[in-house]
Amino acid sequence: MNKNNKTFNLLDRFLIEGKILSIKPFGEGHINLTFLVETDKKKYILQRINDYVFSDVEGLMNNIYSVTAHLHKKGVETLPIVLTKDGKTYIYDEEPYRVYEYIDNTTTYQSIPNARIFENIGAAFGAFQNQLADYDATTLVEVIPDFHNTPKRFENLEKAISADVKHRARSCVEEIKFFFERKNTLSKVVDGLNDGSIPLRVTHNDTKINNILMDATTGEARAVIDLDTIMPGSLLYDFGDAVRFGANTAAEDERDLTKIGFDLELFKAYAKGFCGALKGSMTEKEKELLPYSVYLLTIEVAIRFLTDYLMGDVYFRIDYEDHNLIRAKSQIQFVKEIEKNMEKMSQIVKEL
Ligand code: ADP
Ligand code: GN1
Ligand code: MG
């Protein structure tokens, strides 16, 4: 009850229309705490921003405010920020909170129902890149430095193994070995960005399919959401991460490793949508690295899950004790499936 009173009080500081009827936990995000708020007039999304992950909340909200304004000017449907009564984009009530209008008649998928839908999602994330192509990247705060710097992620894993604060390293010897065997395969994209052979763009960086709202009636992609990680990056991040999640025949945290497989048809569908939207602006090198990006983003998140497990689950929200270990094992299995399919993926990209 106290908790609820607190939520009512903090909502009262935002420009909310109507009388609050209910506040319920919502969605499947791993980072923020999300609630659906219903009033007698409208629906809203209330989020407690994870300020362990986003230490510069002011910078984060400035990014989202200006990116959504940029998209809005172009007539693109985007996250509608609800301001506070004193004109701010968030409040502090022990922790930071923000409110968005709920984008009505939409749904998110946790898995891909058919190839056509994944092609649509690819086209929408590709279009999102285009919409941000003229956005001035110098105004963006890099909210999580080195977010997709995979070699740095590997270094963080090494540090977590050395510190071993929870004495968990002994239970993941196989997983650690798997990553060390692939240590020299992790730098192609950061190297390309550094030497200029891969263009730096404004990218979303977290293109899981539950970060795009789909129209509940037509099944078409409506709005790209979860804009927290918009930063300068490579287009390959937005390709690889979406395929990592969407083309897996199982969930990201599937325990039964025999269920995990790579769906080449879904890969093809996403590539068709994404490359179709970006034709003309994608370089040959980017095209060539599309299959590699799927490998890279998957092994990267596997490394991040295991690092978090070793550090005592400080970053990703978990539902049970060894959730991050299960996620790491599951993603490692998916890396193995990806490795088996690299040639076929390259062939598909060539034929597109
Ligand atoms: P996290 O950073 O924790 O992943 P998200 O911003 O992705 O949080 O939000 C979690 C979920 O809440 C999304 O996957 C989506 O289902 C839902 N959601 C978020 N914002 C909106 C919105 N404005 N309208 C409708 N649904 C939303
Ligand atoms: C997190 O916030 P969410 O659940 O959409 C994470 C991504 C990971 C993903 C793995 C800010 O995404 O980088 O790929 O979990 N977001 C952040 O499921 O770290
Ligand atoms: Mg999300």
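Order of appearance sets the numbers: ligands from 1, and atoms from 1 within every ligand.
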So does K340 pair up with E337, basic N to acidic O under 4.0 Å?
yes
For the Mg ion (ligand 3), which protein N/O/S atoms are closer than 2.8 Å?
N211 OD1, D226 OD2
N or O contact, D226 vs ligand 1, cut-off under 3.5 Å:
yes
If you measure only the distance, is there a donor-acceptor pair under 3.5 Å linking the side chains of N105 and T217?
yes
Tell me, with the steps shown, if Y90 and Y97 meet ring-ring contact (aromatic ring centres under 6.0 Å, His included).
CA-CA 6 Å; Y90 68 99; Y97 290 85; over 10 Å; no
Ring centroid separation F35 to F26 under 6.0 Å:
no
Closest approach of any protein heavy atom to atom 10 (C) of ligand 1, naming residue and atom:
T34 OG1, 3.7 Å
Which protein heavy atom lies closest to atom 19 (C) of ligand 1, and at what distance to 0.1 Å?
I225 CD1, 3.7 Å
Please confirm whether Y100 comes within less than 3.5 Å of ligand 1 when only nitrogen or oxygen atoms on both sides are compared.
no
Quick one: closest heavy-atom pair of Y292 and T185, and the distance?
OH-O, 2.6 Å
Going hydrophobic residue to hydrophobic residue with side-chain gaps under 4.5 angstrom, can you get from L306 over to I318?
no
Spell out, yes or no, whether L21 and I45 are grouped together once hydrophobic residues are joined by side-chain heavy atoms under 4.5 Å, including indirect joins.
no
Would I103 count as a polar contact of ligand 1, with the cut-off being nitrogen or oxygen pairs under 3.5 Å?
yes
If you apply the rule side-chain hydrogen bond (donor to acceptor under 3.5 Å, both in side chains), what do you find for D313 with N324, and how did you get there?
CA-CA 7 Å; D313 311 306; N324 275 318; 2.8 Å; yes
For R153 and N156: C-alpha separation, side-chain torsions, deciding distance, then whether side-chain hydrogen bond (donor to acceptor under 3.5 Å, both in side chains) applies.
CA-CA 5 Å; R153 296 289 189 182; N156 292 341; over 6 Å; no
The protein residues that pass the under-4.0 Å heavy-atom test against ligand 2 are G29, H30, I31, F54, F147, D206, K208, N211, D226, T229, R244, E252, V301, R304, F305, Y315, F316
Provide, to 0.1 Å, the distance between atom 3 (O) of ligand 1 and the closest protein heavy atom, together with that atom's residue and name.
N32 N, 2.9 Å
How close do I198 and S234 get, heavy atom to heavy atom, and via which atoms?
CG2-OG, 3.8 Å
Is there a ring-ring contact (aromatic ring centres under 6.0 Å, His included) between F239 and F274? Walk through the geometry before answering.
CA-CA 8 Å; F239 184 84; F274 191 81; 5.5 Å; yes
Relative to ligand 1, is I45 under 4.0 angstrom through side chain, backbone, both or neither, heavy atoms considered?
side chain
Looking only at protein heavy atoms, what sits closest to atom 5 (P) of ligand 1 is Q47 NE2, 3.4 Å
Among protein heavy atoms, which lies nearest atom 16 (O) of ligand 1, and at what distance?
T108 OG1, 3.2 Å
Atom 23 (N) of ligand 1 - nearest protein heavy atom and its distance
E101 O, 3.0 Å
What protein heavy atom lies closest to atom 17 (C) of ligand 1? Include the residue and the distance to one decimal.
F26 CE2, 3.7 Å
If I compare all heavy atoms of N205 with all of H148, which pair ends up nearest, and what's the gap?
O-NE2, 2.8 Å
Report yes if some N/O of Y102 lies less than 3.5 Å from some N/O of ligand 1; otherwise report no.
no
Select one of side chain, backbone, both or neither to describe which atoms of N211 lie under 4.0 Å from any atom of ligand 1, heavy atoms only.
side chain
For ligand 1, indicate whether the residue N50 contacts it via side chain, backbone, both or neither (heavy-atom separation under 4.0 Å).
neither
Give a yes or no on whether V165 and V173 share a hydrophobic cluster (residues Ile, Leu, Val, Met, Phe, Trp, Tyr; joining criterion: side-chain heavy atoms under 4.5 Å apart).
no
Determine whether F180 and F154 satisfy the following criterion, ring-ring contact (aromatic ring centres under 6.0 Å, His included), listing intermediate values before the conclusion.
CA-CA 9 Å; F180 271 82; F154 187 87; 5.0 Å; yes
Begin with the C-alpha distance, continue with both residues' side-chain angles, and end with the deciding distance and a verdict on ring-ring contact (aromatic ring centres under 6.0 Å, His included) for Y44 and Y102.
CA-CA 4 Å; Y44 297 93; Y102 178 86; 9.5 Å; no
Distance-only, no hydrogens or angles: does the N211 side chain make a donor-acceptor pair with backbone N or O of D206 under 3.5 Å?
yes
Indicate yes or no: does E95 engage R48 in a salt bridge with an N to O separation below 4.0 Å.
yes
Top protein contact for atom 11 (C) of ligand 1, by heavy-atom distance:
G27 CA, 3.9 Å
L79 heavy atoms, cut-off 4.0 Å: which ligand 1 atoms fall inside?
23 (N)
